[in-house]
Amino acid sequence: MQIWTDVTNALAADVELKRRRTLPNGTISTETLIVDGFEGLIDSLQAKWNEWTRAQQKADNVREQRNDVMTLAYETMKDYRAKVPLELPPGHALLDSLPALSPDPSKRPVGPSASGEWNAGTSQADLTATPSPTPTVVETDLRYSPDTPYNPDNEVTLVTIPTGQPLTFSTDIGLAVPGDVALFSWVAVTADGHEGRSLIVSVTRT
(Lines give C-alpha, C1' and ligand atoms only; values in the text may rest on other atoms or scores of the structure.)
Protein backbone atom coordinates (compact mmCIF):
# COMPACT_ATOMS: atom_id res chain seq x y z
CA MET A 1 0.00 0.00 0.00
CA GLN A 2 1.30 3.45 -0.96
CA ILE A 3 -0.02 6.82 0.25
CA TRP A 4 1.05 10.12 -1.33
CA THR A 5 0.46 13.26 0.73
CA ASP A 6 1.00 16.86 -0.44
CA VAL A 7 2.96 18.56 2.31
CA THR A 8 3.52 21.95 0.65
CA ASN A 9 1.42 24.77 -0.73
CA ALA A 10 -0.57 23.38 -3.68
CA LEU A 11 0.01 26.63 -5.57
CA ALA A 12 3.77 26.41 -5.35
CA ALA A 13 5.85 25.97 -8.50
CA ASP A 14 7.34 22.76 -7.07
CA VAL A 15 5.49 20.29 -4.86
CA GLU A 16 7.03 17.96 -2.33
CA LEU A 17 5.14 14.72 -1.81
CA LYS A 18 5.66 12.17 0.93
CA ARG A 19 5.14 8.49 0.22
CA ARG A 20 4.50 6.02 2.99
CA ARG A 21 5.05 2.49 1.77
CA THR A 22 4.46 -0.73 3.68
CA LEU A 23 7.38 -3.11 3.15
CA PRO A 24 7.00 -6.90 2.95
CA ASN A 25 8.32 -7.23 6.53
CA GLY A 26 5.52 -4.97 7.80
CA THR A 27 7.60 -1.85 8.45
CA ILE A 28 6.67 1.53 6.95
CA SER A 29 9.12 3.33 4.69
CA THR A 30 8.81 7.07 4.03
CA GLU A 31 10.15 8.54 0.79
CA THR A 32 10.05 12.04 -0.70
CA LEU A 33 9.16 12.98 -4.27
CA ILE A 34 9.75 16.46 -5.69
CA VAL A 35 7.42 17.34 -8.58
CA ASP A 36 9.10 20.13 -10.56
CA GLY A 37 6.89 22.74 -12.18
CA PHE A 38 3.73 21.46 -10.52
CA GLU A 39 1.72 24.57 -11.34
CA GLY A 40 2.70 24.33 -15.01
CA LEU A 41 1.73 20.67 -15.11
CA ILE A 42 -1.70 21.50 -13.70
CA ASP A 43 -2.19 24.26 -16.28
CA SER A 44 -1.19 21.88 -19.07
CA LEU A 45 -3.56 19.21 -17.78
CA GLN A 46 -6.42 21.72 -17.64
CA ALA A 47 -5.72 22.83 -21.22
CA LYS A 48 -5.74 19.22 -22.44
CA TRP A 49 -8.98 18.56 -20.58
CA ASN A 50 -10.62 21.58 -22.19
CA GLU A 51 -9.37 20.46 -25.60
CA TRP A 52 -10.75 16.95 -25.08
CA THR A 53 -14.11 18.29 -23.88
CA ARG A 54 -14.47 20.49 -26.95
CA ALA A 55 -13.54 17.61 -29.26
CA GLN A 56 -16.03 15.31 -27.54
CA GLN A 57 -18.81 17.88 -27.90
CA LYS A 58 -17.97 18.39 -31.57
CA ALA A 59 -18.04 14.63 -32.16
CA ASP A 60 -21.42 14.35 -30.41
CA ASN A 61 -22.81 17.13 -32.61
CA VAL A 62 -21.53 15.51 -35.80
CA ARG A 63 -23.00 12.13 -34.83
CA GLU A 64 -26.35 13.78 -34.09
CA GLN A 65 -26.32 15.49 -37.49
CA ARG A 66 -25.44 12.19 -39.17
CA ASN A 67 -28.31 10.41 -37.43
CA ASP A 68 -30.73 13.16 -38.45
CA VAL A 69 -29.64 12.88 -42.10
CA MET A 70 -29.93 9.08 -42.05
CA THR A 71 -33.43 9.27 -40.57
CA LEU A 72 -34.50 11.78 -43.22
CA ALA A 73 -32.96 9.67 -46.00
CA TYR A 74 -34.71 6.52 -44.79
CA GLU A 75 -38.11 8.23 -44.62
CA THR A 76 -37.58 9.73 -48.10
CA MET A 77 -36.65 6.35 -49.61
CA LYS A 78 -39.57 4.69 -47.86
CA ASP A 79 -41.95 7.28 -49.30
CA TYR A 80 -40.37 6.85 -52.75
CA ARG A 81 -40.87 3.08 -52.68
CA ALA A 82 -44.53 3.56 -51.75
CA LYS A 83 -45.26 6.05 -54.54
CA VAL A 84 -43.31 4.64 -57.51
CA PRO A 85 -45.59 1.58 -57.98
CA LEU A 86 -48.52 3.97 -58.32
CA GLU A 87 -46.85 5.69 -61.30
CA LEU A 88 -45.22 2.78 -63.17
CA PRO A 89 -46.68 -0.43 -64.60
CA PRO A 90 -45.78 -3.85 -63.14
CA GLY A 91 -42.52 -5.24 -64.52
CA HIS A 92 -41.02 -1.81 -65.21
CA ALA A 93 -37.22 -1.74 -64.94
CA LEU A 94 -37.29 0.98 -62.27
CA LEU A 95 -39.61 -1.11 -60.12
CA ASP A 96 -37.46 -4.21 -60.44
CA SER A 97 -34.31 -2.28 -59.48
CA LEU A 98 -35.64 -0.57 -56.34
CA PRO A 99 -33.02 -1.07 -53.58
CA ALA A 100 -33.95 -2.66 -50.28
CA LEU A 101 -34.40 -0.37 -47.30
CA SER A 102 -32.52 -2.71 -44.97
CA PRO A 103 -29.89 -5.47 -45.38
CA ASP A 104 -31.09 -8.94 -46.31
CA PRO A 105 -30.66 -10.98 -43.08
CA SER A 106 -30.10 -14.14 -45.11
CA LYS A 107 -26.86 -12.64 -46.47
CA ARG A 108 -25.47 -11.71 -43.06
CA PRO A 109 -22.20 -13.58 -42.36
CA VAL A 110 -21.55 -15.51 -39.17
CA GLY A 111 -19.67 -13.33 -36.69
CA PRO A 112 -16.14 -14.20 -35.52
CA SER A 113 -15.48 -15.85 -32.15
CA ALA A 114 -13.57 -13.31 -30.08
CA SER A 115 -11.60 -13.00 -26.85
CA GLY A 116 -9.39 -10.45 -25.13
CA GLU A 117 -7.32 -9.93 -22.00
CA TRP A 118 -5.15 -7.30 -20.32
CA ASN A 119 -1.40 -7.79 -20.82
CA ALA A 120 0.41 -6.26 -17.84
CA GLY A 121 3.78 -6.72 -19.55
CA THR A 122 2.92 -4.48 -22.52
CA SER A 123 0.23 -2.37 -20.78
CA GLN A 124 -2.17 -3.15 -23.61
CA ALA A 125 -5.24 -5.26 -24.30
CA ASP A 126 -4.47 -8.31 -26.46
CA LEU A 127 -7.47 -9.07 -28.69
CA THR A 128 -7.86 -12.15 -30.85
CA ALA A 129 -10.61 -13.76 -32.91
CA THR A 130 -11.37 -16.91 -34.90
CA PRO A 131 -12.40 -15.97 -38.46
CA SER A 132 -16.01 -16.18 -39.62
CA PRO A 133 -16.70 -19.46 -41.47
CA THR A 134 -18.79 -17.60 -44.06
CA PRO A 135 -16.89 -17.92 -47.39
CA THR A 136 -18.02 -14.52 -48.72
CA VAL A 137 -16.24 -12.58 -45.95
CA VAL A 138 -13.40 -10.46 -47.40
CA GLU A 139 -12.22 -8.61 -44.30
CA THR A 140 -12.71 -8.32 -40.55
CA ASP A 141 -12.80 -5.10 -38.54
CA LEU A 142 -11.89 -4.66 -34.89
CA ARG A 143 -14.11 -1.90 -33.51
CA TYR A 144 -14.23 -0.04 -30.21
CA SER A 145 -17.04 1.85 -28.51
CA PRO A 146 -16.42 4.32 -25.67
CA ASP A 147 -20.00 3.82 -24.47
CA THR A 148 -21.32 1.35 -21.90
CA PRO A 149 -23.17 -0.70 -22.95
CA TYR A 150 -21.50 -1.08 -26.34
CA ASN A 151 -23.04 1.33 -28.86
CA PRO A 152 -22.55 0.43 -32.57
CA ASP A 153 -23.69 3.94 -33.53
CA ASN A 154 -20.69 5.39 -31.70
CA GLU A 155 -17.99 2.87 -32.58
CA VAL A 156 -14.66 3.42 -34.32
CA THR A 157 -12.68 0.95 -36.42
CA LEU A 158 -9.24 0.29 -34.95
CA VAL A 159 -7.96 -2.04 -37.67
CA THR A 160 -9.21 -3.81 -40.81
CA ILE A 161 -7.64 -7.21 -41.50
CA PRO A 162 -8.05 -8.95 -44.89
CA THR A 163 -9.35 -12.52 -44.91
CA GLY A 164 -6.53 -15.03 -44.50
CA GLN A 165 -4.46 -12.98 -42.05
CA PRO A 166 -4.40 -13.62 -38.27
CA LEU A 167 -7.06 -11.74 -36.34
CA THR A 168 -4.92 -10.27 -33.57
CA PHE A 169 -4.46 -6.71 -32.34
CA SER A 170 -3.16 -4.95 -29.23
CA THR A 171 -4.25 -1.52 -28.00
CA ASP A 172 -4.54 0.61 -24.87
CA ILE A 173 -7.50 2.68 -26.09
CA GLY A 174 -9.95 3.30 -23.26
CA LEU A 175 -7.55 1.73 -20.76
CA ALA A 176 -5.56 4.65 -19.36
CA VAL A 177 -5.58 3.75 -15.66
CA PRO A 178 -6.17 0.62 -13.54
CA GLY A 179 -9.86 -0.18 -13.29
CA ASP A 180 -10.74 1.17 -16.75
CA VAL A 181 -12.96 -1.12 -18.84
CA ALA A 182 -12.93 -1.09 -22.66
CA LEU A 183 -15.45 -2.79 -24.98
CA PHE A 184 -14.52 -4.23 -28.38
CA SER A 185 -16.21 -6.13 -31.21
CA TRP A 186 -14.87 -8.03 -34.22
CA VAL A 187 -17.03 -7.58 -37.35
CA ALA A 188 -16.86 -9.82 -40.43
CA VAL A 189 -17.63 -7.91 -43.65
CA THR A 190 -18.60 -9.33 -47.07
CA ALA A 191 -17.77 -7.77 -50.44
CA ASP A 192 -21.29 -6.33 -50.71
CA GLY A 193 -21.15 -4.78 -47.24
CA HIS A 194 -23.09 -7.26 -45.12
CA GLU A 195 -21.75 -7.58 -41.57
CA GLY A 196 -21.65 -10.25 -38.90
CA ARG A 197 -20.62 -9.21 -35.40
CA SER A 198 -18.88 -11.14 -32.62
CA LEU A 199 -20.01 -11.03 -29.03
CA ILE A 200 -18.77 -7.93 -27.22
CA VAL A 201 -15.33 -8.38 -25.64
CA SER A 202 -14.72 -6.61 -22.33
CA VAL A 203 -11.17 -5.94 -21.12
CA THR A 204 -10.33 -4.47 -17.71
CA ARG A 205 -6.98 -2.85 -16.97
CA THR A 206 -5.47 -4.24 -13.79
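For the numbers below, each heavy atom of this structure counts, side chains included, while hydrogens, waters and symmetry mates do not. FYI, the numbering just counts along the sequence from 1. Being a predicted model, the structure only gives us computed values, none of them experimental.
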Are Asp79 and Lys83 close enough, and set up right, to give a side chain to side chain contact (heavy atoms under 4.5 Å, CB included), and what steps lead you there?
CA-CA 6 Å; Asp79 185 58; Lys83 290 182 177 179; 3.2 Å; yes
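- Between the side chain of Arg81 and the backbone N or O of Pro99, at least one donor-acceptor pair lies under 3.5 Å.
- By the rule that hydrophobic residues join a cluster once side-chain heavy atoms approach within less than 4.5 Å of another member, Val203 and Leu167 end up as members of one cluster.
- Looking at Asn61 and Gln57, their side chains do bring a donor and an acceptor atom within 3.5 Å of each other.
- Pairing each heavy atom of Gly174 with each of Tyr144, the nearest pair is CA-OH, 3.6 Å.
- A donor-acceptor contact shorter than 3.5 Å links the side chain of Thr163 to the backbone of Val138.
- Cluster annotation: Val156 and Phe169 are assigned to the same hydrophobic cluster (Ile/Leu/Val/Met/Phe/Trp/Tyr, side-chain heavy-atom contacts under 4.5 Å, transitive).
- Note that CE of Met70 is 12.5 Å distant from CD of Glu75, once rounded to the nearest 0.5 Å.
- Between the side chains of Ser145 and Asn151, no donor-acceptor pair is found at a separation under 3.5 Å.
- Between Ser202 and Leu183 the shortest side-chain heavy-atom distance falls below 4.5 Å.
- Judged purely by atom type and a 3.5 angstrom limit, Arg63 has no side-chain atom pairing as donor or acceptor with the backbone of Asn154.
- Between the side chain of Thr168 and the main chain of Thr128, no donor-acceptor pair closer than 3.5 Å is present.
- Under the 4.5 Å side-chain heavy-atom criterion for ILVMFWY residues, a single connected hydrophobic cluster contains both Tyr80 and Leu95.
- Rounding to the nearest 0.5 Å places CG of Leu101 at 8.0 Å from NZ of Lys78.
- Atom-to-atom distance recorded for Trp118:CH2 and Leu175:CG is 5.5 Å, nearest 0.5 angstrom.
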Please determine whether side chain to side chain contact (heavy atoms under 4.5 Å, CB included) holds for the pair Thr148 and Val181, giving the CA-CA distance in whole Å, both sets of side-chain angles, and the decisive distance to 0.1 Å.
CA-CA 9 Å; Thr148 303; Val181 179; over 6 Å; no
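- Within the 3.5 Å criterion, the main-chain N or O of Thr122 finds a donor-acceptor partner in the side chain of Asn119.
- With a 4.5 Å cut-off on side-chain heavy atoms, Thr140 and Val187 do not count as touching.
- When the shell of 6.0 Å around CZ of Arg205 is examined, it contains more than 12 heavy atoms from other residues, nucleotides or ligands.
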Take Gln56 and Trp52 through the side chain to side chain contact (heavy atoms under 4.5 Å, CB included) test and state the conclusion after the steps.
CA-CA 6 Å; Gln56 185 67 24; Trp52 180 88; 3.9 Å; yes
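- For Ser132 (side chain) and Thr134 (main-chain N/O), a donor-acceptor pair under 3.5 Å exists by modelled atom type.
- Among all heavy-atom pairs drawn from Ser170 and Gln124, the shortest one is CB-OE1, 3.4 Å.
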Side chain to side chain contact (heavy atoms under 4.5 Å, CB included) assessment of Phe184 paired with Ile200:
CA-CA 6 Å; Phe184 304 91; Ile200 304 303; over 6 Å; no
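- The closest donor-acceptor contact from the side chain of Asp180 to the backbone of Val177 lies under 3.5 Å.
- With values rounded to the nearest 0.5 angstrom, Asp104 atom CG is found 5.5 Å from Lys107 atom NZ.
- Here Asn50 contributes atom CG and Leu45 contributes atom CG; the two are 9.5 Å apart, rounded to the nearest 0.5 Å.
- Panel note: side chain Asp147, backbone Pro149; no donor-acceptor pair is recorded below 3.5 Å.
- Between Gly116 and Val201 the shortest heavy-atom distance is N-CG1, 3.6 Å.
- By the rule that hydrophobic residues join a cluster once side-chain heavy atoms approach within less than 4.5 Å of another member, Ile173 and Ile161 end up as members of one cluster.
- Connection of Tyr150 to Leu199 is not established within any shared hydrophobic cluster, with ILVMFWY side chains joined at heavy-atom distances below 4.5 Å, either directly or through further cluster members.
- Contact annotation: the side chain of Thr190 never approaches that of Arg108 to less than 4.5 Å [non-hydrogen atoms, C-beta and beyond].
- Note that OG of Ser198 is 10.5 Å distant from CZ of Arg143, once rounded to the nearest 0.5 Å.
- Residue Ala188 comes nearest to Pro109 through the heavy atom pair O-CG, 3.7 Å, listed as atom of the first residue, atom of the second, then distance.
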